[in-house]
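Structure first, then comments.
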Amino acid sequence: MRQLKQVGLPVASILLICFYPCAFMFFQNVGEARAVDMLPFFGIFLLTAAIAFLIADLFLRNMARAAILADLGILIVIHFTLICNGIKRLIPQFHNIYFLVFTGVILLGLLILFARKKPNMIIPCGLLALVFGCLTVVNLFMALPTLISAATYQRPAAPLDSQLAALQFHGEKRNVYYMIFDEYGGSENLIHYY
C-alpha cells in the first residue's frame, strides 16, 4: 500500500493537472466540441510535464519531489500568458522573458532545496491530485445537462424536401450576409489591436 501511495499520488497529480485545463475547455464548450478534441492538448501538456519530471527525477531520485516540480512547471506553462498579462497591467515595461527567468530561478532554487533538505512531498502530491480531481468532477457535473441532451438528441430521419421547396423564394433575391462574430482572437487581442 505504501508503494502504491508513493508512486500513485505523484503520477495522479501530474495526470490530473495536465488533464484539468483540457477538460475545463471541453466542458465549457460541450455543445460544440467533441471529447477527442482535447486529447492533443492533453498529450502536449503531459509530454511537457513528463520532460520536467524526468529532468527533476534525474537530480532528485524521488518521484514525489520530482512530481511537485513538474506540477509547478506545468502550472506555470499553462498560465504563463495569463500571469504575464496581469503583471503587464501593473508594470507596462515588463517583458515575458523576465517572468521566464524569474520562474526558472525559482524552480532551480526549489530543485536545490529539495535535493538538500529531502522533504516528503507525498501529501502535497495527494492534495494537488485531490484539488484538480475535484475541479474536473465539478466541471463535469456542470456540463452534465448539456452532455445528456446532446447524447439523447435524435435528428430527423429525412429532410422534408417537399416542405422546403414550398418555402423557397422564387423572385429577385438580394445578397444577405449574416455574420456571427465570435471571440476566437480573445478579448486581449481585440483590446490590443483595435
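FYI, the numbering just counts along the sequence from 1.
Connection of L107 to F59 is established within a shared hydrophobic cluster, with ILVMFWY side chains joined at heavy-atom distances below 4.5 Å, either directly or through further cluster members. F53 and I106 fall into different hydrophobic clusters, where Ile, Leu, Val, Met, Phe, Trp and Tyr residues are linked whenever their side-chain heavy atoms come under 4.5 Å apart, directly or through other members. A single hydrophobic cluster is seen to contain both L140 and I148, as judged by linkage of ILVMFWY side chains at heavy-atom distances under 4.5 Å, directly or through other members. Two different hydrophobic clusters hold F42 and F24 under the rule that ILVMFWY side chains link at heavy-atom gaps under 4.5 Å. Hydrophobic cluster membership is shared by F99 and L90, with clusters built from Ile, Leu, Val, Met, Phe, Trp and Tyr side chains linked at under 4.5 angstrom.
Note that OG1 of T48 is 6.0 Å distant from CD1 of I51, once rounded to the nearest 0.5 Å. Here the CZ-CD1 distance, from F45 to I78, works out to 4.5 Å after rounding to the nearest 0.5 Å. Atom CG of L108 is separated from atom CG of L69 by 10.0 Å, given to the nearest 0.5 angstrom. Interatomic distance, CD1 of I87 versus CG of L82, reported as 10.0 Å (0.5 Å rounding). Note that CD of Q28 is 6.5 Å distant from CE of M142, once rounded to the nearest 0.5 Å. The line from CD1 of I83 to CG of N96 is 11.0 Å long, rounded to the nearest 0.5 Å.
With hydrogens and angles disregarded, a donor-acceptor distance shorter than 3.5 Å links the side chain of D37 to the backbone of R34. No side-chain donor-acceptor contact under 3.5 Å links R65 to the backbone of M121.
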- Task: Determine, stepwise, if the pair K118 / N62 fulfils side chain to side chain contact (heavy atoms under 4.5 Å, CB included).
- Result: CA-CA 9 Å; K118 299 185 183 348; N62 182 282; over 6 Å; no
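The shortest non-hydrogen separation linking A66 to D57 is CB-N, 3.5 Å.
Using the six-membered ring where Trp is involved, F94 and Y98 have ring planes that are perpendicular, over 60° apart on the 30 and 60° scheme.
A 6.0 Å sphere centred on CZ of F102 holds no more than 12 heavy atoms belonging to other residues, nucleotides or ligands.
Remark: R61 engages no residue in a side chain to side chain donor-acceptor pair (under 3.5 Å) (not counting sequence neighbours).
Partner L128 forms a side-chain contact (heavy atoms from CB on, under 4.5 Å) with one of I123, I68, L72 and no other, that one being I68.
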Name each donor-acceptor pair under 3.5 Å that joins a side chain in residues 6-23 to protein atoms two or more places apart or in another chain, with its distance.
unit_1, atom_1, unit_2, atom_2, d
S13, OG, P10, O, 2.8
S13, OG, D71, OD2, 2.9
Y20, OH, N139, ND2, 3.4

